Amino acid sequence: MKRIRKPKLAVWKFASCDGCQLSLLDCEDELLAVAGKIEIANFPEASSKIVKGPYDLSLVEGSITTPHDEIRIHEVRRASKFLVTIGACATAGGIQALRNFKDVKEFISIVYAHPEYISTLNKSTPIADHVKVDFELRGCPINKDQLLEVIRAYLHGSKPNTPAYSVCMECKRCGTVCVMVAHGTPCLGPITHDGCGAICPSYNRGCYGCFGPKETPNTDSLAARFSELGATNQDIVQVLRNFNAWAEPFRRESEAHEKKVRKNKDNSR
Amino acid sequence: MPEHSILQRAHFEQLLGALKTRGYRVIGPTVRDGAIVYDDLNSTDDLPVGWTDEQEGGTYRLKRRGDAALFGYVVGPHSWKRFLHPPAVRLWQANRTGKNIQIEEEKHAAPKMAFLGVRACELHAISIQDKVFLGGSFVDPLYKARREGAFLVAVNCGQAGNTCFCASMNAGPKADFGFDLALTEIIEGSEHYFLAEAGTPLGEEILQELEHRPAENIEVEKAGSIHEKTAQQMGRTVDTTGIKDLLYANMEHPRWDDVASRCLACSNCTMVCPTCFCTTVEDVTDLKGDHAERWQKWDSCFTADFSYIHGGSVRSSTKSRYRQWMTHKLASWIDQFGSSGCVGCGRCITWCPVAIDLTEEVRVIRATDIRTKSMAKETDDGNTGTNPR
């Protein structure tokens, strides 16, 4: 019988906390099944043995924040047949994209004794801003079951079940009481991409938007409702400036409210 | 006139006992996370004793009552569809061994469930879902098994909520059909009892097992006046006159753009609606590709995938999705199933995070009906020649 070559998997890290790639190791029971179907060829976090490329499936974690990484991502793309970004950093720029709203040079001059050693970009950007991405998996961190689903879908040539609708869908299926309606807690669920299983509302917390904007997110209407519930413009800016702050719909909304904060300050002067 | 009995509050526990003895899983209202939800009840103590709810568009709050009523509130975020038409169900599994594929049909357990505290609007909602799942040529076997095993204890509402409008939809507040037992809770000073009415032989049989006595006329009248008072309390109203033609004629009404600017397309209204029945199927495979499962899950017409066909989503805008939902619920449902799809429970108003109110949307569309508007415009145009401006 002809021996079928297993597809080669590589895991790449850019600016990130490693949490998403650890989700793969966190698969534990399923990890053996993964290893049975796919050759873990380049995953430094798991093994120092590195098999040369090209790779069939690349999982890319982290955002682009340095001139060096700006070049390296193109090398990764060239070595990868199918490239999947994993997590909020790789798909939206991550928490480090908070720098995008400020002057990063000013931070460097304050934080580092020798700012001249620091070589960094003004903005933290998602992978898709630099190279073609074949699939984006959301979350901060990603959901390991969804990661397995993406690998499974890749292996079988199907579309992964990672719906782009709101967190509310999952919340309601679980039977969780809406924290916004019943408690008045601001919750990003109605504009956030499903995938976490609606964890926070089930613990009586509002959604933090870890999975980024859902399809057709109406951020403007939700922000208006937050104001009615007593949130200030500054509160709204903060709620939207999280792991997915640089994702377009969240960024646009937070900038609109930031403008209002500035305007109010100017008026009160 | 059907016979009525009086069941004392002190003996209410006997009802739960009688149901459990017959092997029923008793499900009813209970307080959880700041709301009254439907869940398993062990005893009367699990009921929201002395609680009530205050509801408005996008707002729900529990409040203490001045008495120890068992059913002194209206409907919460859950509906009975959670039990009759569960949110996620495995339909079948398949296993591959070598070149053989074996399909394993799901053996759905048919639980005996007793629903305690079913409101009139909910009885109407269940009868609407009966039509959907059992009425046509394709019967849903899962729903059928659950529905046939269900024992319904209705409770006539002693008060209406701010988002209630069952009276407008002819769906309450008094339960007039579809129950095994119906209760009206009456509290007067130190008196606390239920006027009970059996709707089926099984309901009658269970009622006979409880300590009770025949009701006096005055007690029946008291219950009647409670139902009347509740009907007068409705926080919302809808004028349903010609509503089908109204909505069909107003597909291009500018109000749909207005509501789309507020709508989050989050699907909450459809999830809480007791008549919304749509599902999707999701195929799940293991990594090896040797085991597959097909799951049925609640779906919503507010997602892009819902109307996805070759080439993209038919209803890509939120405007088209809201219009589809409301027009289906209030108009095309009549063509499809012979009745309105709305029972006036008000859940879609209360549980909309941004307080969109379909009764208000209907009101605005009626007040600015494009048919009358275009007629007015024609008159205007006709007048321009003789009426120089």
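Because the structure is a prediction, the values reported are computed rather than measured.
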*Asks:* Check whether His156(A) gets within reach of chain B through its side chain, its backbone, both or neither, counting any heavy atom under 4.5 Å.
*Replies:* side chain
*Asks:* Looking at chain A, which one of Met271(B), Arg61(B), Glu282(B), Lys297(B) has the largest number of heavy-atom pairs inside 4.5 Å, strictly under?
*Replies:* Arg61(B)
*Asks:* Could you check which of Ala33(A), Gly175(A), Gly184(A), Ala224(A) has the highest count of heavy-atom pairs closer than 4.5 Å to chain B?
*Replies:* Gly175(A)
*Asks:* With respect to chain B, which residue among Asn161(A), Leu229(A), Asn204(A), Val167(A) yields the maximal number of heavy-atom pairs within a distance under 4.5 Å?
*Replies:* Asn161(A)
*Asks:* Can we call the ring centroids of Tyr55(A) and Trp12(A) under 6.0 Å apart?
*Replies:* yes
*Asks:* Of the listed residues (Met180(A), Glu215(A), Glu149(A)), which shares the most heavy-atom pairs with chain B below a 4.5 Å separation?
*Replies:* Glu215(A)
*Asks:* Report the relative orientation of the aromatic rings in Trp80(B) and Phe115(B); use parallel for angles under 30°, tilted for 30 to 60°, perpendicular for over 60°.
*Replies:* parallel
*Asks:* For the backbone of Asp290(B) and the side chain of Asp286(B), can you confirm whether one donor and one acceptor N or O come within less than 3.5 Å of each other?
*Replies:* yes
*Asks:* Among Cys171(A), Ser166(A), Ala164(A), Ala182(A), single out the residue with the greatest number of heavy-atom pairs under 4.5 Å to chain B.
*Replies:* Ala182(A)
*Asks:* Checking Arg262(B) side chain against Ala355(B) main chain: does a donor-acceptor pair fall under 3.5 Å?
*Replies:* no
*Asks:* Could you have a look at Ile151(A), Thr192(A), Thr219(A), Asn218(A) and say which one has the most heavy-atom pairs with chain B under 4.5 angstrom?
*Replies:* Asn218(A)
*Asks:* For the residue pair Arg119(B) and Tyr73(B), would you count it as a cation-pi contact if the rule is NZ or CZ under 6.0 angstrom from the ring centre and within 45 degrees of the ring axis?
*Replies:* yes
*Asks:* Looking only at heavy atoms and a cut-off of under 4.5 Å, which of Val179(A), Ile38(A), Thr216(A), Leu148(A) has the most pairs with chain B?
*Replies:* Thr216(A)
*Asks:* Using non-hydrogen atoms only, which part of Asp299(B) is less than 4.5 Å away from chain A: side chain, backbone, both, or neither?
*Replies:* both
*Asks:* Side chain, backbone, both or neither: which part of Leu155(A) has an atom under 4.5 Å from a heavy atom of chain B?
*Replies:* side chain
*Asks:* For a side chain to side chain donor-acceptor pair (under 3.5 Å) with Thr163(B), tell me which candidate from Asp357(B), Thr350(B), Thr359(B) qualifies.
*Replies:* Thr350(B)
*Asks:* Could you tell me whether the side chain of Ser320(B) and the main chain of Ser317(B) form a donor-acceptor pair under 3.5 Å?
*Replies:* yes
*Asks:* In terms of heavy-atom proximity below 4.5 Å to chain A, should Thr270(B) be classed as side chain, backbone, both, or neither?
*Replies:* neither
*Asks:* If we check side-chain contact (heavy atoms from CB on, under 4.5 Å) with Ile86(A), which of these qualifies: Val60(A), Ile142(A), Leu24(A)?
*Replies:* Ile142(A)
*Asks:* Applying salt bridge (Lys or Arg N to Asp or Glu O under 4.0 Å) between Glu255(A) and each of Arg251(A), Arg252(A), Lys259(A), report the one that passes.
*Replies:* Arg251(A)
*Asks:* State plainly whether the residues Arg236(B) and Glu56(B) are in salt-bridge range, i.e. N to O under 4.0 Å.
*Replies:* yes
*Asks:* Specify whether Phe277(B) and Phe133(B) have parallel, tilted or perpendicular ring planes, treating 30° as the upper limit for parallel and 60° as the lower limit for perpendicular.
*Replies:* perpendicular
*Asks:* Is it the backbone or the side chain of Val354(B) that comes under 4.5 Å from a heavy atom of chain A, or both, or neither?
*Replies:* both
*Asks:* Where on Asp53(B) is there a heavy atom nearer than 4.5 Å to chain A: the side chain, the backbone, both, or neither?
*Replies:* neither
*Asks:* Are the side chain of Gln55(B) and the backbone of Val75(B) linked by a donor-acceptor contact shorter than 3.5 Å?
*Replies:* yes
*Asks:* Of the listed residues (Ala304(B), Ser267(B), Gly34(B), Ser316(B)), which shares the most heavy-atom pairs with chain A below a 4.5 Å separation?
*Replies:* Ala304(B)
*Asks:* Taking every heavy-atom pair that is under 4.5 Å apart, which of Pro77(B), Cys352(B), Cys263(B) has the most such pairs with chain A?
*Replies:* Cys263(B)
*Asks:* Do any of residues 81-99 of chain B come closer than 4.5 Å to chain A, heavy atom to heavy atom, and if so which ones, in number order?
*Replies:* Arg82(B), Pro87(B)
*Asks:* Under 6.0 Å from the six-membered ring centre of Trp51(B) and within 45° of its axis: does the NZ or CZ of Arg65(B) meet both?
*Replies:* no
